[in-house]
Amino acid sequence: MVKWGNWTLLASVMMPVLAQAQIDLTVLDRDMTGPRAQVLVLGTVHLNSMPASFNPASLDGVLDKLAKFKPEIITIETESGEECDMVARHVARYGADYCASVEAARLATGLDAPAAMAEADKMLKAWPQQSTATATAAQRRRLAALFMASYDTASAYVQWLQLPEAERRAGDGLSDVLIAQLTKIAKRNNESYQIAARLAARLGLQRVHAVDNHTGDRIDVADIKAFVRSIESAWAGGNTALNVRKKREDELMLATDFLPLYRYVNEPEGLRIYAEANVVPAMRAKSPEAYPQMWVAGWEIRNMRMVANIRETFRERPGARVLSVVGISHKPWFDSWLGQTQGVDIVNATDVLK
């Protein structure tokens, strides 16, 4: 028989646990007013790994499907101008090559990154709406130059694509050097350009939003080579299922139409395999320094900050339609954590790509 005093003690210990278990943050918005945001996370292969035979036209079918979703905001897996500007002032911590140089754009516009960002924001707030007027070529050239000075080359490319061929020339802060950079982008195998920027231009959007963040996954260890060896050793023991997936991905990459590839990599079963291959072997690995577990912590920090950055893009736009283009490995975390935010529905990528 349990004495009353012992039962009271047991209840006092268990009540905080039970109370915590009863809180379901995903239902707090059940009676919300207004439309819910629709967020589509597109898991992508990194196009810089494509074979020499890769043709951007192979993405046309994927772009057609995404265009039907009609996103109003598109995010990409690259660092924001604010982050690049911040780390440029902390070279001792992050290194001098964290972001590509924007010196050519600074010289062309006469503006440093913070000033260029401020002017670009000002232009966007006063941007002509399609229902009343259209942007002039001079406005697009100027905005493209400002984006480039802001470390936002992908958004500059969005403006470049919307310029008529005859207007793709120097002027309004867009120098010949910057034009050469934009011209090269058309040939770069990068999903930020070949998927996100092309789609944004097609839909008449003015920019894409950079949401990546590496400020929290920089592991401060005495022996970085030993750290890398420890992670690679952990992963090597748990990659059997992932290797099978990647072999099929490699086969699909040889096709002239990448729609089957994107359907395949966004399948729930494949995403589960990617998530487990990243984390499970690392968490189980034995390391005197706990290096694999440190890596997982950095991976989670990076994903948390990326998800927060995505959420910020539609903070002032409840009910927005958002497309996030990100590497396959991130998608399980994006779907899970974004799905827990208030007023947000996660759109099934496989349904969109059917």
Side-chain angles (χ1 to χ4, degrees), residues 39-44 46-48 66 71-90 94-95 97-102 105-106 109 111-121 123-124 143-162 178 181-182 185 188-201 203 205-218 301-317 320-331 333-334 337-338:
V39 178
L40 167 62
V41 179
L42 178 75
T44 179
H46 288 306
L47 297 180
N48 58 7
L66 296 176
E72 302 160 283
I73 295 170
I74 300 175
T75 75
I76 59 175
E77 187 185 345
T78 193
E79 297 77 15
S80 69
E82 290 89 345
E83 183 179 331
C84 290
D85 181 66
M86 183 274 292
V87 300
R89 291 179 282 111
H90 295 272
Y94 298 107
D97 58 349
Y98 193 93
C99 297
S101 173
V102 293
R106 186 191 68 79
T109 61
L111 300 172
D112 62 10
M117 282 183 256
E119 186 171 334
D121 287 342
M123 282 192 72
L124 287 169
L143 187 54
L146 293 173
F147 278 141
M148 296 188 80
S150 304
Y151 295 95
D152 194 354
T153 309
S155 290
Y157 189 53
V158 173
Q159 291 299 316
W160 181 254
L161 289 174
Q162 294 183 76
L178 299 184
Q181 292 179 13
L182 289 167
I185 285 175
R188 285 190 61 184
N189 295 343
N190 185 303
E191 56 272 15
S192 293
Y193 304 129
Q194 299 298 349
I195 296 178
R198 284 174 59 193
L199 180 63
L203 297 174
L205 304 180
Q206 306 313 318
R207 66 173 306 168
V208 291
H209 297 263
V211 298
D212 202 357
N213 186 291
H214 285 283
T215 60
D217 62 357
R218 177 184 177 274
I301 292 169
R302 181 185 175 196
N303 281 297
M304 287 179 185
R305 292 183 176 176
M306 291 172 77
V307 165
N309 289 338
I310 294 170
R311 187 67 174 98
E312 186 179 352
T313 66
F314 61 103
R315 178 184 53 207
E316 289 90 15
R317 298 176 67 178
R321 301 179 69 81
V322 182
L323 167 66
S324 182
V325 181
V326 71
I328 307 163
S329 295
H330 297 279
K331 181 173 165 60
W333 279 265
F334 279 31
W337 289 344
L338 282 166

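Side chains included, hydrogens not; waters and symmetry mates left out as well; all remaining heavy atoms used.
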Check: [Y] main-chain N/O paired with [X] side-chain donor or acceptor under 3.5 Å:
X: Gln159; Y: Gln206; answer: yes
X: Gln162; Y: Leu205; answer: yes
X: Gln194; Y: Arg188; answer: yes
X: Ser150; Y: Asp152; answer: no

- Task: Answer whether the closest heavy-atom distance between the side chains of Leu199 and Pro71 falls below 4.5 Å.
- Result: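 They are in side-chain contact.
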Review point. Is any side-chain heavy atom of Thr215 less than 4.5 Å from a side-chain heavy atom of Met86?
Key: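 Answer yes - side chains close enough.
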Side chain to side chain contact (heavy atoms under 4.5 Å, CB included) for Asn309 and Glu312? Distances and angles first, verdict last. CA-CA 5 Å; Asn309 289 338; Glu312 186 179 352; 4.3 Å; yes
Measuring from [X]:[atom1] to [Y]:[atom2], what's the distance to the nearest 0.5 Å?
X: Trp160; Y: Thr153; atom1: CH2; atom2: OG1; value: 13.5 Å
X: Asp112; Y: Asp85; atom1: CG; atom2: CG; value: 7.0 Å
X: Phe334; Y: Ile310; atom1: CZ; atom2: CD1; value: 4.0 Å
X: Glu72; Y: Arg317; atom1: CD; atom2: CZ; value: 5.0 Å
X: Leu146; Y: Met117; atom1: CG; atom2: CE; value: 11.0 Å
X: His214; Y: Met306; atom1: NE2; atom2: CE; value: 7.0 Å

Heavy-atom pair with the smallest gap, counting every atom of [X] and [Y]:
X: Ser155; Y: Arg207; value: OG-CB, 3.4 Å
X: Ala201; Y: Leu161; value: CB-CB, 3.7 Å
X: Ala200; Y: Val208; value: CB-CG1, 4.0 Å
X: Ala105; Y: Ala145; value: CB-O, 4.4 Å
X: Asn213; Y: Gly216; value: OD1-N, 3.8 Å
X: Ala113; Y: Tyr151; value: CB-CE1, 3.6 Å

Qualifying salt bridge (charged side-chain N to carboxylate O under 4.0 Å, His left out) pairs with a residue from residues 73-83, counting only residues at least two apart or across chains =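 Non-adjacent pairs meeting salt bridge (charged side-chain N to carboxylate O under 4.0 Å, His left out): Glu77-Arg302.
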Inset, instruction - Check the pair Leu40, Leu323 against side chain to side chain contact (heavy atoms under 4.5 Å, CB included), reporting the backbone distance first and the verdict last. - result: CA-CA 5 Å; Leu40 167 62; Leu323 167 66; 3.8 Å; yes
One pair to check against side chain to side chain contact (heavy atoms under 4.5 Å, CB included): Val322 and Ile73. What are the steps and the verdict? CA-CA 5 Å; Val322 182; Ile73 295 170; 4.3 Å; yes
Next item on the list: Tell me, please, which residues at least two apart from Arg218 pass side-chain hydrogen bond (donor to acceptor under 3.5 Å, both in side chains).
Entry: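 Checked Arg218 against side-chain hydrogen bond (donor to acceptor under 3.5 Å, both in side chains); zero matches.
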**Study point:** Test side-chain hydrogen bond (donor to acceptor under 3.5 Å, both in side chains) applied to Thr75 - qualifying residues, sequence neighbours left out
**Key:**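 Partners of Thr75 under the side-chain hydrogen bond (donor to acceptor under 3.5 Å, both in side chains) test: Ser324.
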Which one of Leu47, Ile76, Val325, Ile185 satisfies the side-chain contact (heavy atoms from CB on, under 4.5 Å) criterion with Ser192?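 Passing option: Ile76.
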For the side-chain contact (heavy atoms from CB on, under 4.5 Å) test, which of Thr44, Leu42, Val41 pairs with Lys331?
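Filter result, single survivor: Val41.
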For this session: Evaluate side chain to side chain contact (heavy atoms under 4.5 Å, CB included) for Ile74 paired with Val158, printing each intermediate quantity in order.
Result: CA-CA 11 Å; Ile74 300 175; Val158 173; over 6 Å; no
**Request:** Please work out whether the ring planes of His90 and Tyr94 are parallel, tilted or perpendicular, with thresholds of 30° and 60°.
**Result:**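 His90 and Tyr94: perpendicular rings.
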